Visitor: 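Okay, handing you the structure first.
Bear in mind that the values here come from a model prediction, so they are computed numbers and not experimental data.
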Amino acid sequence: MSTKPARTRVAPSPTGHMHLGTARTALYCYLLARQTGGQFLMRLEDTDLKRTVEGTEQELYDGLRWLGLQYDEGPDIGGPYGPYRQTERREIYRHHTQTLIASGHAYPCFCTPERLDKVRQEQMKNKQNPHYDGTCRVIPPEEAARRVADGESYIVRFKMPTEGVTVAHDHLRGDITIENSQLNDYVLVRSDGLPTYHLAAMVDDHEMGITHVIRSSEWLATFPLHVNIIRAFGWEEPVFAHLSVFLKPSGKGKMSKRDSAAAKLDGHSIFVKDLDELGFTPEGVLNWCALMGWGVAEDDVMTLDQMVERFSIDNLTPSPAAINFQKLDHFNATHIRMFSTEDLAARIKPYFVREGLPVDDATLLQIVPLIRERLVTLDDCLSFAAFFFKGEVTPASEDLVAKGLDAKQSAEIARKSYEILSALPSLSHAEAEPPMRAYVEAAGLAPNQVFGILRVATTGQKVSPPLFESMEIIGRDKCLKRIQNAIEILENM
RNA sequence: GCCUCCAUCGUCUAGUGGCCCAGGACGAAGCCCUCUCAAGGCUUAAACCGGGGUUCGAAUCCCCGUGGAGGCACCA
């Protein structure tokens, strides 16, 4: 564990729904920053105007807050190293681009996209690796400067070394070595004047004092380029940790659009916004995605604070991890069980409200202990407790018939139960259960037969929280009315 | 095709040369508890990709295969 305060950052693009990968990167960054007493920041990488999708920037802020990963600096809250939106940092990039051109590490390129395309196709045809052919690399700087001044359209490319090797150090994998001849003269600045990721991210990470760059392993391929850029500037390199990618549940390849749709049908998703809507909790989601790529020996159920205590960048794993939604269910259910009654009540209340049910806090507080260990997702509260707030229930006639008995016998049991229960002053758990138990025994019936009829009668469903606890909450009058109704249904079968 | 990375139960992982006939978790199976469904308790099955080395000793180090993943854009 590092003791120096770490400055970390999550730097997503507003180009689509916020997904799990962003959430996990943000989580690790958050954990490292909090643990070391450093800062966690959020930076918006919005330099590709064409791919920007309206609304996704807000989704990013909302998603991070929902997860509880509050950043110390960011586009929407500011900070001492702002602006945190890359499109607002053009001057900074322009300045650094000039530095690179002046030092001979970058050069303007006047090749048209059409020509580049043709070259690429030619190379593919000849079974060569597609790469920039270096046409503009040899243009004398003065001539290039003149053409730029004349207003000719251009981009800026990084001048990669052509010989030797580049050794880049990844915290999880060690040294990564690549022949420089394999590297391309990558584009640093586009013709619209905006920088590409390669330039913008390196500049920003340096300018913002980032000490640990935790990012997706998709960047591994261009990692050597990035360290070359940093070294060209003469800057100190931050610690780099490239996280493994998420594989689809089958383990074969990355999650695709189709896989996402399939997951959604199954009540799961890789998008943070969906996860919220599907009834998952931030605690469950965080615990779940924390453990895909972070090896914990034992006691893997953790709150965010516990994760802060136990996290170590050294325990991150480099191999790809298949997504396992069953495990998400498990962690979500486990965290729900850890919530206090008041907390859980507040979290499930909106679901009843949304259904237009007359939910009141006092009743809700009584219900929560009965359903807490039955919920996998928060929206399960409806199937387990909606009947508490309904005026009447509509049991299916066939459900009212007890196992091994016919409708007539079931009706008789319902009548007898009504007799017993209606004689009681209240239907509290303590008062109602003993006489009913006695009846079951005297009649030589299975508890399940009698209680089953009552369950369906009073709750309208075959699966419910425990019977007597439920009846107590429903209340005497309502229960008796519902049993009466069930008797009628059984008699008319 | 080329480059890079990765490789322990079905899945996520612990393991950094002897504490490992490999530990935990999810899932699966069984039993117990039980008014349904859960939760809980107990138990079981289940892995070091293959082959060579190095070493007294290898899941752990090296090499070669094989498999998997990522990348090869004026996207990030």
Visitor: What's the gap between B:G70 and B:A28 when it is taken at their C1' atoms, as a whole Å value?
Guide: 32 Å
Visitor: Check the phosphate of B:C35 against A:Arg437, side-chain N and O only, distance under 4.0 Å to OP1 or OP2. Yes or no?
Guide: yes
Visitor: In this structure, are over 12 heavy atoms from other groups packed under 6.0 Å from A:Lys248 atom NZ?
Guide: yes
Visitor: How far, in whole Å, is B:C61 from B:C5 if one measures between their P atoms?
Guide: 15 Å
Visitor: Does a donor on one side chain sit under 3.5 Å from an acceptor on the other, for A:Asn228 and A:Thr166?
Guide: yes
Visitor: With both distances kept under 3.5 Å, what pairs with B:C33, Watson-Crick or G-U wobble?
Guide: none
Visitor: Picking from B:A7, B:C35, B:A76, which would you name as closest to the side chain of A:Phe451?
Guide: B:C35
Visitor: Does B:C19 pair with anything, Watson-Crick or G-U wobble, both distances under 3.5 Å, and if so, with which nucleotide?
Guide: none
Visitor: Whom does B:C61 pair with, Watson-Crick or G-U wobble, provided both distances fall under 3.5 Å?
Guide: B:G53
Visitor: Would you mind classifying the nucleic acid contact of A:Leu467 as base, sugar-phosphate or nothing, using non-hydrogen atoms under 4.0 angstrom?
Guide: base
Visitor: For B:C37 and A:Ser464 - does any side-chain N or O of the residue sit under 4.0 Å from the phosphate oxygens OP1/OP2?
Guide: no
Visitor: Using a cut-off of 4.0 Å on non-hydrogen atoms, how would the nucleic acid contact of A:Ser191 be classed: base, sugar-phosphate, or nothing?
Guide: base
Visitor: Select base, sugar-phosphate, or nothing to describe what A:Cys289 touches, counting heavy atoms under 4.0 Å on all strands.
Guide: nothing
Visitor: In whole Å, what is the span from the CZ atom of A:Arg374 to the C1' atom of B:G40?
Guide: 12 Å
Visitor: Tell me which nucleotide among B:C74, B:G71, B:C37 gets nearest to the side chain of A:Val463.
Guide: B:C37
Visitor: If you look at every strand shown and take non-hydrogen atoms under 4.0 Å, does A:Gln86 touch a base, only sugar-phosphate, or nothing?
Guide: nothing
Visitor: Applying the side chain to side chain contact (heavy atoms under 4.5 Å, CB included) test to A:Pro12, which of A:Met18, A:Glu59, A:Met42, A:Glu45 qualifies?
Guide: A:Met42
Visitor: Any side-chain N or O of A:Thr47 less than 4.0 Å from the OP1 or OP2 oxygen of B:A76?
Guide: yes
Visitor: Could you identify the nucleotide paired to B:G70, looking across every strand shown and requiring Watson-Crick or G-U wobble geometry with both distances under 3.5 Å?
Guide: B:C3
Visitor: Looking only at side-chain N and O atoms, does A:Thr303 offer a donor or acceptor that is under 3.5 Å from a partner on A:Gln306?
Guide: yes
Visitor: How is A:Thr177 classified with respect to the nucleic acid when contacts are heavy atoms under 4.0 Å: base, sugar-phosphate, or nothing?
Guide: sugar-phosphate
Visitor: Describe the nucleic acid contact of A:Lys127 in one word from base, sugar-phosphate, nothing, applying a heavy-atom distance below 4.0 Å.
Guide: nothing
Visitor: Quote, to the nearest angstrom, the P distance that separates B:A46 from B:A22.
Guide: 10 Å
Visitor: What's the closest nucleotide to the side chain of A:Lys252 if the choices are B:A7, B:A25, B:G68?
Guide: B:G68
Visitor: How close or far is atom P of B:A38 from atom CZ of A:Arg455, stated in whole angstroms?
Guide: 12 Å
Visitor: Determine whether any donor atom in the side chain of A:Ser217 lies under 3.5 Å from an acceptor atom in the base of B:C5, or the reverse, and answer yes or no.
Guide: no
Visitor: When you measure from the side-chain N and O atoms of A:Arg337 to the phosphate of B:G40, is any distance below 4.0 Å, counting only OP1 and OP2?
Guide: yes
Visitor: If the C1' atom of B:A14 is compared with that of B:A47, how far apart are they to the nearest Å?
Guide: 13 Å
Visitor: So which nucleotide from B:A25, B:C26, B:C5 ends up closest to the side chain of A:Leu220?
Guide: B:C5
Visitor: If you measure from the P atom in B:C48 to the same atom in B:U60, how many Å do you get, rounded?
Guide: 12 Å
Visitor: Identify whether any heavy atom of A:Ser216 sits under 4.0 Å from a base atom; if not, whether one sits that close to sugar-phosphate; answer base, sugar-phosphate or nothing.
Guide: nothing
Visitor: Could you check A:Lys50 against A:Gly253 and say which one's nearest nucleotide on RNA chain B is further toward the 5' end?
Guide: A:Gly253
Visitor: Please state how far atom CG in A:Asp299 lies from atom C1' in B:G24, giving the value in whole angstrom units.
Guide: 9 Å
Visitor: What nucleotide among B:C2, B:C12, B:U36 has an atom nearest to a side-chain atom of A:Ala322?
Guide: B:C12
Visitor: Between A:Arg215 and B:A76, is there a contact of a side-chain N or O with OP1 or OP2 at under 4.0 Å?
Guide: no
Visitor: Which heavy atom of A:Pro130 sits nearest a heavy atom of A:Met124, and at what distance?
Guide: CG-SD, 3.8 Å
Visitor: Contact class for A:Pro113 vs. all strands (heavy atom < 4.0 Å): base, sugar-phosphate, or nothing?
Guide: base
Visitor: We want to know whether A:Asp46 and A:Thr52 form a side-chain donor-acceptor pair, criterion being a heavy-atom distance below 3.5 angstrom.
Guide: no
Visitor: Could you check whether A:Glu433 and A:His429, counting side-chain N and O atoms only, form a donor-acceptor pair closer than 3.5 Å?
Guide: yes
Visitor: Less than 4.0 angstrom between a side-chain N/O of A:Lys254 and OP1 or OP2 of B:G71, yes or no?
Guide: yes
Visitor: Go nucleotide by nucleotide along RNA chain B from the 5' end; which of A:Gln128 and A:Tyr186 gets its closest nucleotide reached first?
Guide: A:Gln128
Visitor: Tell me what A:Trp288 touches on the nucleic acid: a base, only sugar-phosphate, or nothing, going by heavy atoms under 4.0 Å.
Guide: nothing
Visitor: Have A:His131 and A:Asn184 got a donor and an acceptor in their side chains that come within less than 3.5 Å?
Guide: no
Visitor: Contact class for A:Gly452 (heavy atom, under 4.0 Å): base, sugar-phosphate, or nothing?
Guide: nothing
Visitor: Rounding to the closest angstrom, what is the interatomic distance between B:C9 and B:C49 at atom P?
Guide: 7 Å
Visitor: Taking pairing as Watson-Crick or G-U wobble with both contacts under 3.5 Å, can you name the mate of B:U11, or confirm there isn't one?
Guide: B:A25
Visitor: Using atom C1' in both nucleotides, what's the gap between B:U66 and B:G50 to the nearest angstrom?
Guide: 7 Å
Visitor: Would A:Arg147 pass as a cation-pi partner of A:Tyr154, given that its NZ or CZ must be under 6.0 Å from the six-membered ring centre and within 45 degrees of the axis?
Guide: no
Visitor: Has the side chain of A:Arg173 got a donor or acceptor that lies under 3.5 Å from a partner of the other kind on the base of B:C5?
Guide: no
Visitor: Touch check for A:Ala297, heavy atoms < 4.0 angstrom, all strands: base, sugar-phosphate only, or nothing?
Guide: base
Visitor: Provide, to the nearest angstrom, the distance between the CD1 atom belonging to A:Ile323 and the P atom belonging to B:C12.
Guide: 11 Å
Visitor: Where the side chain of A:Ala321 is concerned, which of B:C35, B:C2, B:C12 is the nearest nucleotide?
Guide: B:C12
Visitor: Between B:A25, B:C72, B:C75, spot the one nearest the side chain of A:Asp300, thanks.
Guide: B:A25
Visitor: What's the closest nucleotide to the A:Thr196 side chain, out of B:A76, B:C12, B:C2?
Guide: B:A76
Visitor: Rounding to the closest angstrom, what is the interatomic distance between B:G27 and B:G65 at atom C1'?
Guide: 33 Å
Visitor: What's the closest nucleotide to the side chain of A:Asp48 if the choices are B:C5, B:C35, B:A76?
Guide: B:A76
Visitor: I'd like to know whether OH of A:Tyr107 has more than 12 heavy-atom contacts from other residues, nucleotides or ligands below 6.0 angstrom.
Guide: yes
Visitor: Could you state the atom-to-atom distance from NZ of A:Lys248 to C1' of B:U11 in whole Å?
Guide: 16 Å
Visitor: Kindly point out which of B:C37, B:A39, B:C35 is positioned nearest to the side chain of A:Glu373?
Guide: B:A39
Visitor: Under 4.0 angstrom, heavy atoms only, what part of the nucleic acid is A:Asn129 near: base, sugar-phosphate, or nothing?
Guide: base
Visitor: Would you indicate what A:Ile178 reaches in the nucleic acid, counting non-hydrogen atoms under 4.0 angstrom: base, sugar-phosphate, or nothing?
Guide: sugar-phosphate
Visitor: Please work out if A:Pro465 contacts a base, only the sugar-phosphate, or nothing of the nucleic acid, heavy-atom cut-off 4.0 Å.
Guide: base
Visitor: Could you tell me the Watson-Crick or G-U partner of B:C48, where both distances fall under 3.5 Å? Say none if there is no partner.
Guide: none
